[in-house]
Protein chains: 2
Amino acid sequence: MEPQARPRRVTIVDVARHAEVSTTAVSKVLRNAYGASPEMRAKVRRAIDELGYRPNAGARSLRGQTYTIGVMLPDIRNPFFPEILDGVTASLADTEYQVLLGPGFNGEKEEARVTEAMIDRGMDGIILVAPISSRAHMERVGTAVPTVVIGRHGSSPAYDTVVDDDVEGAALVVGHLAALGHRRIAHIEHHETDPTRLTEMPNARRADGYRLAMRKHGLEEWIDVVSTSYTQEGGHRGTKELLARPVRPTAVFAGADIVAMGVLDAVTEAGLSVPGDLSVAGYDNTTFAAFGPISLTSVDQGGREMGENAVRLLLERIADRGRRSAQVTLSPTLVPRRSTARPAK
Amino acid sequence: MEPQARPRRVTIVDVARHAEVSTTAVSKVLRNAYGASPEMRAKVRRAIDELGYRPNAGARSLRGQTYTIGVMLPDIRNPFFPEILDGVTASLADTEYQVLLGPGFNGEKEEARVTEAMIDRGMDGIILVAPISSRAHMERVGTAVPTVVIGRHGSSPAYDTVVDDDVEGAALVVGHLAALGHRRIAHIEHHETDPTRLTEMPNARRADGYRLAMRKHGLEEWIDVVSTSYTQEGGHRGTKELLARPVRPTAVFAGADIVAMGVLDAVTEAGLSVPGDLSVAGYDNTTFAAFGPISLTSVDQGGREMGENAVRLLLERIADRGRRSAQVTLSPTLVPRRSTARPAK
DNA sequence: ACATCTTTGGGGAACGTTACCCACATCGCT
DNA sequence: AGCGATGTGGGTAACGTTCCCCAAAGATGT
């Protein structure tokens, strides 16, 4: 009753022997390569099925391909990212590619660790979702392996990008609130100082869009931006600050749904009601926003489409590494819900 | 201006040449293996840093190790799983291991695809989080590679398990509600027919625990189980059914927080209030439950501890593949919040 | 008839790493 | 002086694929 030696995994050599052909022939069949007659294909495929052969990815990686796409997610708690992932996996469902996720944990060091790990593992392509990494790091990644960056403005020859028009999205929110009759519309943003990130990060563009739209609606004097962070805690803190103003805003545009959660939290705590005392709008149109008891007005970026576009660009670039880099910008739409209403008189 | 050939990646051979030692020596240093003097170690490490060398995982995989742990998540939307993942990654942060996630999409076929892919890629260990796969499949995985299954009762020699005591968890909820004075306590469960799964799946055990606890509190006549699914939609459907009863329950024990979300949705829709008209309790103690405006009473399984234990078991088994399989059961705790209160008179 | 092309099949050298060897030097002990 | 033990370093054969070759046979054109 000793621990019997686990059976060695079946390799291409076993298949070749069983089908009475060369390993080269098996490899050709596996890759649908030129130089194999229909009869041989059939024979080899039968042997593969009979033996239950599966190619060893490590060995393949040594030769250049792993059929693996890595997706870096900075925060698995953010309910927006699953939408993107749906688009990615759906687009790859019928291909040989397998999607593996790497957790980034909202840190530059952590993002670097996981992207390096993906490169070490010979991934065929990498999708960076809303990375906080420096531009230099993303270019390093893009130079090593085909890369698409989702949610980062600005172009680079080293990688392709997919973003939504954040300025437009902010304008949709401000327009909606203004149309309802709000004038004192405040905004909670994610604090940013790094000059490159100020032009590239969606949070910065949304703040810009907010200011621009306020001016356009003649509400310049009511521009009120609180600078915290894109977390629930940031929304909570920002709201407490806003509620302490001598003249309170009647509406808050939170830069992300996760921030809006913090807003609602703080409003509940203060004994106020939404939208009675305060209208609240978010950004991302997460499942949380759609949730009945919350019913948060939000901006839909079309996460699915983002994922689909990222895959398209990535496959193109895997096929032709020399092609020029491309940028795709999607238009956001507004989804009004019960958290926004006319201001109290 | 032709597309300059990307520089070849630096290999162990380059390091050896640069340090003027053999590749064997470099390999020894990399693995902290026996047979390298301190001077040599220093020399090699310097060369590694100077060249920015990183080991190729594919080549390593061919020799047996990839320093990669695969975690299969059946549903990236379920807010409970990030807790587990935190425990996993925290335990592995100081090791050489890299965690990669595979999306399972709540499907048996999809789970099989991703687990096979992980095996093909030579992962050193696999953690299956709340899998719906058949026992046979999990044993196949466990035979191929060290495996820990989280959230599945029943033991197998092929893999280790980490679960919480779901019967106990259900008892905590019923006990809490009974102590508040509730008698008509209903339960929404996830429908299950497969006999093996009936003994292994947490949802089935929670339903058992509910029935058991109701009897223990002398509430046998009020046992009322609605069989839908562990989704928001399932909670919604189940609640509509319960609200249509001639004698309505005063409290609902939802088998999971995600189900409780559906309950709250339906209650809002019906114009009723929580906990005024209906007390609601969930299971998993997700961030959603802790969210202020919701404030859902829930059972905490200690997701972090689950992840930590899974890693411990996994590393043990990687070190000694022959050791007996182990089962860890954690005790759940109740987290009372505002969604449960004394029933209206 | 011959030359040339196309199709079909296989031999074998990589890819980067590890780990089993062996070789040699040095040391401590009888 | 002789011996085994210990420490240090390297040579080299795998691991499982892919893909560049070449060879042979058959098809086609003159």
Side-chain angles (χ1 to χ4, degrees), chain A residues 6-45 47-48 51-68 96 117 119-124 144-145, chain B residues 5-45 47-48 51-68 96 119-124 144-145:
Chain A
R6 281 171 308 124
R8 211 178 40 79
R9 201 181 147 107
V10 19
T11 74
I12 205 172
V13 181
D14 301 320
V15 175
R17 196 159 29 217
H18 191 256
E20 297 177 300
V21 297
S22 69
T23 58
T24 300
V26 179
S27 178
K28 281 178 184 171
V29 173
L30 283 172
R31 294 172 294 118
N32 287 314
Y34 176 85
S37 63
E39 301 83 57
M40 162 167 279
R41 286 187 192 285
K43 198 162 53 170
V44 170
R45 279 197 216 290
I48 288 177
L51 298 181
Y53 165 78
R54 291 186 58 97
N56 178 310
R60 281 185 153 177
S61 120
L62 225 43
R63 299 290 313 173
Q65 272 205 38
T66 56
Y67 300 96
T68 312
E96 284 226 67
I119 295 171
D120 295 345
R121 281 155 186 77
M123 304 223 167
D124 295 340
V145 55
Chain B
R6 280 171 309 126
R8 208 177 42 81
R9 200 180 148 107
V10 18
T11 73
I12 206 172
V13 180
D14 302 319
V15 176
R17 196 158 29 212
H18 191 255
E20 297 176 303
V21 296
S22 70
T23 57
T24 299
V26 179
S27 178
K28 281 178 183 170
V29 173
L30 283 172
R31 293 173 294 121
N32 287 315
Y34 176 85
S37 63
E39 301 84 58
M40 163 168 276
R41 285 186 192 285
K43 199 161 54 169
V44 171
R45 279 197 217 287
I48 287 176
L51 298 181
Y53 165 79
R54 292 188 57 96
N56 178 310
R60 281 184 152 180
S61 117
L62 225 43
R63 298 290 313 175
Q65 270 208 337
T66 56
Y67 300 96
T68 312
E96 284 226 69
I119 295 171
D120 295 345
R121 280 154 188 79
M123 303 220 167
D124 296 340
V145 57

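So that the names make sense, note that chain A is the first sequence line, chain B the second, and so on, each numbered from 1.
- Residues His18(A) and Val10(A) fail the side-chain proximity criterion, which asks for heavy atoms closer than 4.5 Å.
- Judged by distance alone, with hydrogens and angles left aside, the side-chain atoms of Arg41(A) form no donor-acceptor pair with the main-chain N or O of Asn32(A) at under 3.5 Å.
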Report task. Apply side chain to side chain contact (heavy atoms under 4.5 Å, CB included) to the pair Thr11(B) and Thr23(B), showing each step before the final yes or no. Result -> CA-CA 10 Å; Thr11(B) 73; Thr23(B) 57; over 6 Å; no
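- At distances below 3.5 Å, at least one donor-acceptor pair connects side-chain atoms of Arg121(B) with backbone N or O atoms of Thr66(A).
- Taking atom CG of residue Asp120(B) and atom C1' of nucleotide dC15(D), one finds them 16 Å apart after rounding to whole Å.
- dG10(D) atom P lies 15 Å from atom CZ of Arg17(B), rounded to whole Å.
- What separates CD of Glu39(A) from P of dT8(C) is a distance of 8 Å, to the nearest Å.
- At least one side-chain heavy atom of Ser61(B) sits less than 4.5 Å from a side-chain heavy atom of Asn56(A).
- Residues Thr24(A) and Lys28(A) meet the side-chain proximity criterion, which asks for heavy atoms closer than 4.5 Å.
- Between Ser22(B) and dG11(D) there is no side-chain polar atom (N or O) within less than 4.0 angstrom of OP1 or OP2.
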Report task. Would you give a per-nucleotide map of nucleotides 15-23 of chain C, 5' to 3', where B means the base has a protein non-hydrogen atom under 4.0 Å away, S means only the sugar-phosphate does, and - means neither? Result -> BBBBB----
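- Distance, Asn32(A) CG to dT17(D) P: 16 Å, rounded to whole Å.
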